[in-house]
Each structure stands twice: as C-alpha cells, then as structure tokens.
Number of protein chains: 2
Amino acid sequence: MSVQLNETHNPALRSWVTSANDGNTDFPIQNLPFGVFRRAASNEQFRLGVAIGDQILDLSIALHAGVFADISNAALAHALTASNLNALMDLGNQTSSQVRLALSKALRENAAAQKQLVGTLVAQADAEYALPAQIGDYTDFYTSVHHATSVGKLFRPDNPLLPNYKWVPIGYHGRSSSIGISGQQFRRPIGQTMPPNATTPSFGPAKRLDYECEVGIFIGQGNALGEAIDIEHAEQHVFGMCLLNDWSARDVQAWEYQPLGPFLAKNFASTISPWVVTLEALAPYRKAWTRDAADPQPMPYLDSADLRNTGAFDIQLEVLLQTEKMRRDGLPAQRLSLSNFSHSYWTVSQMVTHHTVNGCNLRAGDFLGSGTQSGPAPEEAGSLLELTEGGKKPIALSNGEQRIFIEDGDSVILRGWAQKEGTPRIGFGEVEGRLLPARNLS
Amino acid sequence: MSVQLNETHNPALRSWVTSANDGNTDFPIQNLPFGVFRRAASNEQFRLGVAIGDQILDLSIALHAGVFADISNAALAHALTASNLNALMDLGNQTSSQVRLALSKALRENAAAQKQLVGTLVAQADAEYALPAQIGDYTDFYTSVHHATSVGKLFRPDNPLLPNYKWVPIGYHGRSSSIGISGQQFRRPIGQTMPPNATTPSFGPAKRLDYECEVGIFIGQGNALGEAIDIEHAEQHVFGMCLLNDWSARDVQAWEYQPLGPFLAKNFASTISPWVVTLEALAPYRKAWTRDAADPQPMPYLDSADLRNTGAFDIQLEVLLQTEKMRRDGLPAQRLSLSNFSHSYWTVSQMVTHHTVNGCNLRAGDFLGSGTQSGPAPEEAGSLLELTEGGKKPIALSNGEQRIFIEDGDSVILRGWAQKEGTPRIGFGEVEGRLLPARNLS
C-alpha cells in the first residue's frame, strides 16, 4: 500500500477549466473528487460528476465523449451511468485510479476533449447534490484521543479514558437512513433526558444540541463475510473521504447511552459533504504515523511499516457557525475551531482492518466516520461539548451573541483541505447543516 | 390499533393443501407468512412466496392466476413480482392485509383457484431462502429485563440494572451486512480480548461464543425524517415478525463495549428465519401488557389503552443445540431453553415509537431485534451466558457432552410458535445457524 505519486499529481498541470487554476480552489485538476449531482430544482435524474474548479463534469457525458475509451468496458460503462457511486466503488481502486487518470488527461489544457466537453459543464452554483452512494452500513469510530479524553471527563469524571482505548480502535454502528447531504435541515430532536439533580426523567426537545466534526470514509471494494482485510491492503478498500457532521443531542446521550451506546442521541441526522476525495488525490499529504513510546504499541494486526511511514493524512478541519441573526444581518459564518486529521490516534487503515478482523463484511458504499476530530489544544476541539467544557463556558461570538450549544436556526459548516507550499491544494468543499425548531408536541 | 379478528382467523378454515390442516404445522391457512424463496440449488431468481402447510405458493404465479384480481393495481403487481418484500412492505399493512385475505380465499378448501395453483406449489423441503427484505438499518433492542439483569450482574456486578432501563427502551444500532438467512454458517470470530487477571489484551479466536434468542421485527411503511410514529399507530408500521439469533462473542464484548456499545462482538453474523409472520396472523395471541405497580410506569408517549389491553404477544421461544457429535451420531437437537415473548419488558409498539420519537426515519424493510428474550426463571434464559452463569456452570447434554459456550461445528436452532386450545397454531418455523472454526491466522 505504499503511497506513490503519479502524473495526476504533477503540480504543473493546468486545466482548460480556468477556475481550476486559481490557487485557492478546492478542486484543481490534481483533485478530481467524485459526487452525485443534478441541476438544482430540476427533475433530472441524479448522475455522477467530478468537480473541477467551480464546475462539474458529468461522467456519463464524458463516457459518451470517449474520455474513457482506453479503459472502458461494460461494467465501467454501467458504473459511470449509474445514479450513485456504488458500482464504481465496487470496481475497485485500480479502476477508479484509471478513471481519474483519464479525467486528468481530458481536463488538461489543450486536451482534445475540451471541444466536446466545454459546453456540457454544470456550474457548482447551479447544482444540487445527492448522497454519493447508497450507504448500506454506517460505522462511527472514536479515533481522537483528545476528544475521547475530554468527553470522557464530562461523562465519567473519575474514569475519562477507558482502559481499552489505546488498544482497540473503538467504533459503533450508526444509522444510515438519516444521513443527508450538505444543506440538510432537521428538527431539534425530542426525547428523554435526566436533568441534573432530578430523580425521574423529563420528556421534551433536547437542550444540548451539538455538532461533531468528522472525516467520512467511503468503502470501495468490500470483503466476503468471514474474510478479514489485512492492514497492508486496507487502503485498497477505501474509495475516498468526505466531511461528516455527526449531530449529537448530549442530554439524550447522557441518559440513554449505558450500557449499549448512543442511539437516539445520534440517529436524528448526520450530514456529509457532496464530494468524495480519493486517497490517491491526497497522496502528497500523507504523513508519518507515530504512537507515543509511553503508550501501548498497536497489536501486530494493526501495525505495518507503511502505516508508520505514511499512515496519517495532513488535512485541516475547520468548523464555522452562522446563527440565524448573522444570516439576517448579512454576516458571514464565524470560525469556532481549526484542527487537523493527522492528530487522529487511529488511522483509516486501522479502522478498516479492525472492522473486518472478526470477519465482518464491508460492502461498496459503506461509510465510516472517524469520530470527532479534536486536536491537542482546547481550542482545536471538534464539538461544542468540549469547547464550552460541557456547557459551563459560553462562547462569545463576534456579533455579540453567545452559544453554549446549537440554537434553532443555527447553521454549522465544516470545511476541510490539504495545503502546502509547492503542492496544489486538495480541498473537500464544505458541508452545511441547519437546526430547525422541534416539532410541535401538542 | 385495537386488535380485531377477521375471517382469515376463523379456526374452522381448512386448506386444499392438506398438510396445512394437520394441527401440528406451523403454517395453517390462518398463518400465511411471507418469505423469499427459490428451488434449492437452482439458478432461479428469488421470488416472493407464502408458506402453507409444508408447501410454498409463489406470489407472482398467484398474481397471474388472478388471485388478487379484486385488489390488484400496478404498484401491487410490481411488489408481488419483486425479489424481496420491500415494495410490499412499503405499500402498508392495509394492502398486506388485503393480500392475506385474497390468499386465504384462494387456498381454502373448494377454492376455484386450486385447479390453477395446485401444480405450481414448491415443497418447502425443496426450497432455499433469501433474506425477506433488503435491510436498510438494523436496530437491536434490549427488552427483556430478566436478560438485562442477569447479564448486567456478569458485566457489572455492583451495578446490574442501570437506572435508565425501566424508563428507556434501550436499543443500539446493529450491522445489516452480516445478517444471513437460516442455514448461515460462519467462522468463529477473531479479535482482541482481555483475559481474566491479564494486564494486556490477547489476540486470537474468541473463546466465549454465544447465541441470543430474539424476535425480529420487519418495518412496513416507514416515516419521514423529523416525524414521529405515535404509540397508537406504531403497529401499522410493522409488517411482521420472525426469529433472530444474534450471535455474540462475549469475551470480545466485555473488552470492547465501553463506552460506545457492542461492535465486533456482534457484527460477524446474525441469522434470521425465512418466514415473516404478520401481526394480523398473531391477533388471536395478543395479551394484556402490564407494568409492575412498583416500577416506573411508561411515559405518556410510550403508553396507551390498547397497549395495556393487547400490547404483548404470547409466543413460545425455544432454543435447541445440535453438536457436531450429535449430528454424526444421528441424534436430534436438544432443547436448551423455552421462554415466551410475553415476558418482554417493552413491547413492539414501544420499540417503534421510541425509535422515532426523535424524528429518526424508519424505512420499509428495516429490521428491529427484540433483544435476548429470557423469562423470569433461570432455565428460561435466552443465551448461554445466562444459562451457564457466565461460564461457571457447564450444561450437561444428554449424549454425555457438555457446553459452556458454543463449540466449532455446533448448530443452534431457534423455534417459535403461538398455540392455545381451540385456536390454530401460528408458527414461525425455525432458524438454524452453525459455527465453523476460525480462519487460519498464519
């Protein structure tokens, strides 16, 4: 699985889609993330696309224009004309890498395909998105030791980080049905909570609504039930990554989560960004992965030389809040935190390998969450629960408002990008979700 | 939702399929459970069927024979010719009740349809089954207070039944991908465990393999994200029920389950029975549901007069074990326990309503597990963990073998049925699953 660069990574490549050549775009020709889109407010079928600058290239149009002539076959043609990415994911990363290379060639300056394709692009500003894949199963991990420790302190002051944490990439099953695409609006959940010092629970709208800033991981080719995916091959089973906001109702969670884990505190909504960035596109942003010498080293099934050399991803993760008042006053969203995926205690490959070590089968389109990504500094925390120290320390916003938890009408926006001198920026775009008032309880 | 009997429940009804008139069959004409089948070892498409005696009627054949002429429309025709029950489930219980009535009429003695249908039946002995539905999300509940208390004692001796148990129908998300149909064979899972008195975890095949005897619940028509299903309407969203063996690796579970719940301890395999028995078929077996006066009464959103009158189901649940040696020696499976679903602390309607109270959307074909059903007496326990008191008290089998947990080659069989004097038996058939040795770790 060692990480290699190829011609698609060449920093000198420029696209005939000129907005892709602006150094600030998330989607230069070196990125080429996949998604599912149609013209906004249309009755068109959703279809596959690739983001390039501020435009989208329709993959079925690219197919018919002969962009994939060198690699096309019936299975690929079927996959590229589908209304979700599952079939392409299922073809494996060698195929998606070939698709990526063909797209890179077709979108380069002076490409012959420009003439056929230029009139067919759809501006991202005119598009709406669907979930990139039909998600069979969604698993959420808990890979930030900083998050686990801070949250553990709040839920279990005497016992913050449990003894298994540094051995087991802790994960649990989430809910697929309520995963929505950026733009999702959802009602404040209603449920049972146990107020402080009460002896019987209350029922009503949750009061402690929170976001969780996570990286989402789409599985490509799966594995058969009973077969494990070893650590050396784990990344071959990952199609790509996006951003995930795993909304959480902290008061519901505190009352319900023992002994079987979070349930209604999480399954009312989870929002993801529309573009899936391939691991190949992120190759220039791999980092060594280390484990403190004082900590337990990973068991052999979770360790490898490649993992140590390049297991981590240098991806910046930003959380922004736009309150209803900011929106009304024309004020932009305000940053709440900035962290980096490379702080993760467990890697993407460790998540995949651990998930299957018992023979559990993953399927193309399955989705993993990284868990809330909080950095080592308190201001790098990926949730309000941490930033406000469990609701004790309100955040002062620059327009005079303050927040302990999310309020009705608030939008939370996550952004992610990889960037360094001399290498094109590889961005994730953003995911935005908005909390609506609870339904009427009459 | 008050429970009513109709002409399909008439105990005097007899079928022209004579095996359905034998008082011992699980599938008399008053049952008519739905499933997905084909001829064993064939390349046929899987198709919908209904069990009648020891035979199966193909629903697409019944459609073309005009059985549904009075109720048919394009949506129903589409649903009845599909390869899973999702579309029929999605049409709602009023439609499936009409389908049931039409089948009851067509399968009665002296029905005009007999001539067309009699040659088309497939013997259950010649059939193989697929999952009844494509399961979008699987949620496992924990509704037996006897199970929760016994298991709680083993995992948390000082704190067996947590304070939320009697208020919240505890549930958690499970894994859809590894749910298999009766006959499923799966490898002993491999993973991390923390041996007693050890300070670092071990890695290898799980040693404490267990079954869990549960009732499975298929959702019919779902609900939109943000809308709740109230308790009075909850059963209108349940298509029917089956048997579920939620295999568990107790040693993996003990080490991994805090703080986010069971994960690899459960997701290597779950096995369900092929026939889905409708709630309508079970109408004669409804019972009053009560809550001890000393216990907290359910919150208003989880309570109703109908629930109190008829919320429970009188379904016998039997667990049998057939070891490899028994099979070799031609010995039948041996009963390990017998319990009853009516002991459940929370009902089917409470599970559905609680699941959606926060706005979580259920979809047709979604699957709920009841959690292990253990009765009040120790010998009514629905898992080996309980029967052997955490592995301390081996079970002596009649052939001289003994068991603490499941051993390689063991089959576990669950059976379920409702039966009382003067009312036809409504059976679930059985679910069988077999443990294979762990994969080679070399």
Side-chain angles (χ1 to χ4, degrees), chain A residues 136-137 139-140 142 152 155-156 162-164 167-168 170-178 180 186-187 189-192 194 200-201 203 206 222 225-228 249 252 255-264 267-269 296 299-301 354-355 357-363 366 436 439, chain B residues 136-137 139-140 142 152 155-156 162-164 167-168 170-178 180 186-187 189-192 194 200-201 203 206 222 225-228 249 252 255-264 267-269 296 299-301 354-355 357-363 366 436 439:
Chain A
D137 280 292
T139 299
D140 201 22
Y142 196 54
F155 280 81
R156 295 172 306 277
L162 295 169
N164 56 13
W167 294 97
V168 180
I170 295 289
Y172 68 108
H173 301 116
R175 179 90 194 167
S176 301
S177 70
S178 50
F186 58 92
R187 289 180 172 166
I190 286 169
Q192 288 189 38
M194 181 62 93
T200 59
F203 181 75
L225 188 70
E227 302 292 339
V252 173
W255 173 231
E256 76 169 4
Y257 90 104
Q258 285 190 315
L260 300 181
F263 179 48
L264 300 188
N267 65 14
F268 55 91
M299 285 189 158
Y301 80 100
H354 183 67
H355 203 318
V357 70
N358 69 341
C360 180
N361 55 326
L362 304 180
R363 297 177 291 192
D366 282 353
L436 304 177
R439 73 172 188 280
Chain B
D137 279 294
T139 299
D140 201 21
Y142 196 53
F155 280 81
R156 296 173 304 278
L162 295 169
N164 56 13
W167 294 98
V168 180
I170 296 289
Y172 69 108
H173 301 117
R175 179 89 194 167
S176 300
S177 71
S178 52
F186 57 92
R187 289 178 172 167
I190 286 168
Q192 288 190 38
M194 181 62 92
T200 59
F203 181 75
L225 189 70
E227 303 292 340
V252 173
W255 174 231
E256 76 169 2
Y257 91 104
Q258 285 190 315
L260 300 181
F263 178 49
L264 300 188
N267 65 14
F268 54 91
M299 285 189 159
Y301 80 99
H354 183 66
H355 203 316
V357 70
N358 69 341
C360 179
N361 55 327
L362 303 180
R363 296 179 291 193
D366 281 354
L436 304 177
R439 73 173 188 278

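What you see below is based on every heavy atom in this structure, not just the backbone, and it leaves out hydrogens, waters and symmetry mates. Letters go in sequence order (proteins before strands), and every chain restarts at 1.
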Most heavy-atom pairs under 4.5 Å with chain A, out of B/G226, B/G359, B/G180, B/S176, belong to B/S176

Looking only at heavy atoms and a cut-off of under 4.5 Å, which of B/I190, B/D140, B/D137 has the most pairs with chain A? B/D137

The criterion is side-chain hydrogen bond (donor to acceptor under 3.5 Å, both in side chains); which residues satisfy it with A/Q192, sequence neighbours excluded? A/W255, B/Y301

Output the distance between atom OH (B/Y257) and atom CG (A/L162), rounded to the nearest 0.5 Å. 9.5 Å

Nearest heavy atoms of A/H355 and B/L264, plus distance in Å: O-CD2, 3.4 Å

Hey, is the main chain of A/S177 close enough, under 3.5 Å, to the side chain of B/N361 for a donor-acceptor pair? yes

When only pairs under 4.5 Å are counted, which of B/G152, B/G191, B/G222, B/A228 shares the most heavy-atom pairs with chain A? B/A228

Is chain A contacted by the side chain of B/R439, its backbone, both, or neither, given a heavy-atom distance below 4.5 Å? side chain

Begin with the C-alpha distance, continue with both residues' side-chain angles, and end with the deciding distance and a verdict on side-chain contact (heavy atoms from CB on, under 4.5 Å) for A/R175 and B/T139. CA-CA 9 Å; A/R175 179 90 194 167; B/T139 299; 3.5 Å; yes

Most chain B-contacting option - heavy-atom pairs closer than 4.5 Å, from A/N267, A/L436, A/V168: A/N267

When heavy-atom pairs shorter than 4.5 Å are enumerated against chain A, which of B/W167, B/F268, B/Y142 gives the highest number? B/W167

Under 4.5 Å, counting heavy-atom pairs only, tell me which of A/T200, A/I170, A/L362, A/V357 racks up the most with chain B. A/V357

Who passes side-chain hydrogen bond (donor to acceptor under 3.5 Å, both in side chains) against B/N164, sequence neighbours left out? none

How far does CD of B/Q258 sit from CD of A/Q258, to the nearest 0.5 angstrom? 6.5 Å

Please classify the contact of A/L225 with chain B as side chain, backbone, both or neither, using a heavy-atom distance under 4.5 Å. side chain

Residue selection (most heavy-atom pairs with chain A, distance under 4.5 Å) from B/P189, B/C360, B/P163: B/C360

Flag the one option from B/G136, B/P300, B/P259 with the top tally of heavy-atom pairs under 4.5 Å to chain A. B/P259

